[in-house]
Amino acid sequence: MPDMSASASLAMTHLVPLAKELDEDKVTPGVLGFIVFAVMALAVWGLMKSMNRHMGRVDFKEAPDPAGVSAKDSAEAGTPGKSSQA
């Protein structure tokens, strides 16, 4: 496997003069930053729309308890079994 430190140092020697030419007060994200932000915003909008559609399809009706008494009612009545005491 070739030594990557030599190629990395060579790349840095070529990139450092380019960085010196940039005005530090005028560096902006540019068009690429806007495109990335817009794509991410569209993805979040699509995910939220999909989640809203899926949540609308959910049926929140609970099945009746086969014993006829829920665990909360049995704990309040003092019957043995499942209780909220630790």
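Throughout, residue positions are numbered sequentially from 1 according to the sequence presented.
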Audit row: V58, H54, side-chain contact (heavy atoms from CB on, under 4.5 Å) steps and yes/no: CA-CA 7 Å; V58 173; H54 282 85; 5.9 Å; no
Approximate separation, where rounding is to 0.5 Å, of L42 CG and L47 CG: 11.0 Å
Common cluster, V44/M55, ILVMFWY with side-chain heavy-atom separation under 4.5 Å: yes
For R53, all residues meeting side chain to side chain contact (heavy atoms under 4.5 Å, CB included), sequence neighbours excluded: K49, R57
